[in-house]
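Encoded as structure tokens, the structure appears first; notes follow it.
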Amino acid sequence: MNFYVKIGDFELRSPLLLASGTWGLGEKEISGLEYISALITKGVSKDPMPGNPPPRLAEAPCGLINSIGLENPGVETFLKEYLPRIKKLGPKVIVNLHGESIEDFCYLAERFENADVSGIELNISCPNVRKGGIHFSESAKDVFELVNEVRKRFSKLLIVKLSPRSNVFDIAFACEEAGADALTVANTYPALAVVSLKPFKVLLGGLSGPAIKPLTLRLVYELSQKVKLPIIASGGVMTGRDVVEYLACGATAVQVGTALLIDPLGIKKIYKEFEELYQELEWGS
Amino acid sequence: MYKARVLENGELTSSIYSLVLSAEDSLLANFLPGQFVKIKVSSGYDPLLPRPFTVHAIYDSAFEILYQVVGRGTKAMSRLKPGDEVEFFGPLGKPFPRIEGSYLVSAGGVGVAGFGYLCQGLKPEFSLPAKLLYGARTSAQLVKLDFFSTLLPVEVATDDGSLGLKGTVADLLLAELNKQSYQAILACGPKPMLKALAELGRTYGVKIFLVLETLLACGTGYCLGCAVPSRRGGYFKLCVDGPTFDAEEIDLEFLR
């Protein structure tokens, strides 16, 4: 197949990337990595984070709600112990960054500027503690400042992962103006599951899976007509047809996540389905 | 996922079922006692997640699981007919620890499922337990009693006294530990039972291994969804660090 796109200097020969938080940090074998352009790591923060106490999961119709709580070993351990192993897996590596202030993100961006990674993806669906905990993604001004500061410190591929619960258009323009290279559209949707009625107990988390595909597809479609930045779609891709739909609606590439959690052999299946449809549509010719 | 055909599926007693699936012998050869599979029942997206089950028994080109109908996934599973196709993946998780010396297995209700393959004695590196202590609410809930009785000595307890000791698995274990010493106990069953056994183990200075359950998404260590709190802080992943844990390693609050 002759699929080939470029985002800045970043070349992709498959439209598929593995989404953050859906393959751990390379501790366990992953099948089908030869069909993947890049691995996006689980969110890495400045200090280690233990993650949330259980329950961390709930099932929803056609979807999964998760509240993992960004469990990760912190940047120093990540660089020393995890990155060398992840590099050996083959695909290019993009590190998803979690910060609670612009300073956190800048610190992390500097640490990865000289590390052997192809790019970073900023998770802005997190509270900005300096601003009283309001989420970065709620303020286009904060996002502009964040991306602008990170851009000064990071010369490689800079992706911003949008939250679907925000004014995505204003945020996308802010990212574009501040010099981001691409957008990931989008993170999981804020959701709630009632875990038990007596005692009343809820799980607040992010919804992923096929349930959100029509919602994210619309975001991708509308955003791609308004912003010039390449869009990496992320939301409920389960089949090759889903990949093609996202590309047809304006995405440059597509992340796979929940599908891999369900079927550990799913990457190859999705790629082969995509390849067949891509050729059938004569997109490559 | 791998494809499998349903060979048998039927109710053993009210709400507890047995499902026998076809599988390649070359794949089954990799299965060790204590490991589990995940089975996707629907061909569509609802329910979305495959369900985890310990392997109950392995036969020629087939394996069996036992399940209790508790939600939408197992409800759908109970409707499967011989000849239907399902998808599964495994083996997942760590096998049971290999115990040198005399040890017991103790099960509450459908928790007995995971000990069948061990007691079949098909893997010589896993020694057979000395005895199975098996409890349920009533005698009708003691599924597969004949199967286990042909493989090893079994002592039973029922809440209503309809068979064996009137009481719980913990009562059986207490009586057993007062008679004889054991290297270890492997336990699988409801949380209150596991908690009671863990406490007995501590009192008697005997190692207790608990087979735990929680909602799983991937089962392969990718999503970090199946957190089990460690006694030393932080979390284990049930799917790759377990499902069997040394009771001393985990925070027993998890069993509340």
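Protein chains get the first letters and strands the later ones, always in sequence-line order, with residue 1 at the start of each. Scope of the values below: all heavy atoms of this structure, side chains included, with no hydrogens, waters or symmetry mates.
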Check whether more than 12 heavy atoms from other residues, nucleotides or ligands sit under 6.0 Å from atom CZ of A:Arg85, and answer yes or no. yes
If you tally heavy-atom pairs under 4.5 Å against chain B, which of A:Pro264, A:Pro50, A:Gly63 wins? A:Pro264
At a 4.5 Å cut-off on heavy atoms, which part of A:Ser67 comes close to chain B: side chain, backbone, both, or neither? neither
Look at the rings of B:Phe53 and B:Tyr67 and say which category their plane angle falls in: under 30° parallel, 30 to 60° tilted, over 60° perpendicular. perpendicular
Between B:Lys38, B:Arg72, B:Lys237, the one whose heavy-atom pairs under 4.5 Å with chain A are most numerous: B:Lys38
For the residue pair B:Phe245 and B:Phe236, does the interplanar ring angle fall in the parallel (under 30°), tilted (30 to 60°) or perpendicular (over 60°) class? tilted
Do A:Glu76 and A:Arg111 meet the salt-bridge criterion of a basic N to acidic O distance under 4.0 Å? yes
Engaged part of A:Lys269 at the chain B interface, taking heavy atoms whose separation is under 4.5 Å: neither
Can you tell which part of A:Pro53 gets under 4.5 Å to a heavy atom of chain B, answering side chain, backbone, both or neither? both
For A:Ala211, which atoms come within 4.5 Å of any heavy atom of chain B: side chain, backbone, both, or neither? neither
Given heavy-atom pairs under 4.5 angstrom as the criterion, report whether the side chain, backbone, both or neither of A:Leu25 touches chain B. neither
Greatest number of heavy atom pairs closer than 4.5 Å to chain B - which of A:Leu265, A:Asp263, A:Ile262: A:Ile262
Which region of B:Thr214, side chain (C-beta onward) or backbone (N, CA, C, O), has a non-hydrogen atom less than 4.5 Å from a non-hydrogen atom of chain A, or is it both or neither? neither
Run the salt-bridge test on B:Glu199 and B:Arg202 with the 4.0 Å N-O cut-off and return the result as yes or no. no
Leading residue by heavy atom contact count with chain A [cutoff under 4.5 Å; candidates B:Leu216, B:Val228, B:Val240, B:Leu49]: B:Leu49
Looking at B:Pro229, B:Cys226, B:Cys223, B:Gly221, which has the largest count of heavy-atom pairs under 4.5 Å with chain A? B:Cys223
Side chain, backbone, both or neither: which part of A:Asn66 has a heavy atom under 4.5 Å from chain B? neither
Salt bridge flag under 4.0 Å for residues A:Arg241 and A:Glu273: no
Using non-hydrogen atoms only, which part of A:Ile68 is less than 4.5 Å away from chain B: side chain, backbone, both, or neither? side chain
Is it true that A:Tyr278 and A:Tyr271 have ring centroids separated by less than 6.0 Å? no
Taking 4.0 angstrom as the limit, do B:Lys207 and B:Asp246 come out as a salt bridge? yes
State which residue, out of B:Glu64, B:His56, B:Glu11, fulfils the side-chain hydrogen bond (donor to acceptor under 3.5 Å, both in side chains) condition with B:Ser18. B:Glu64
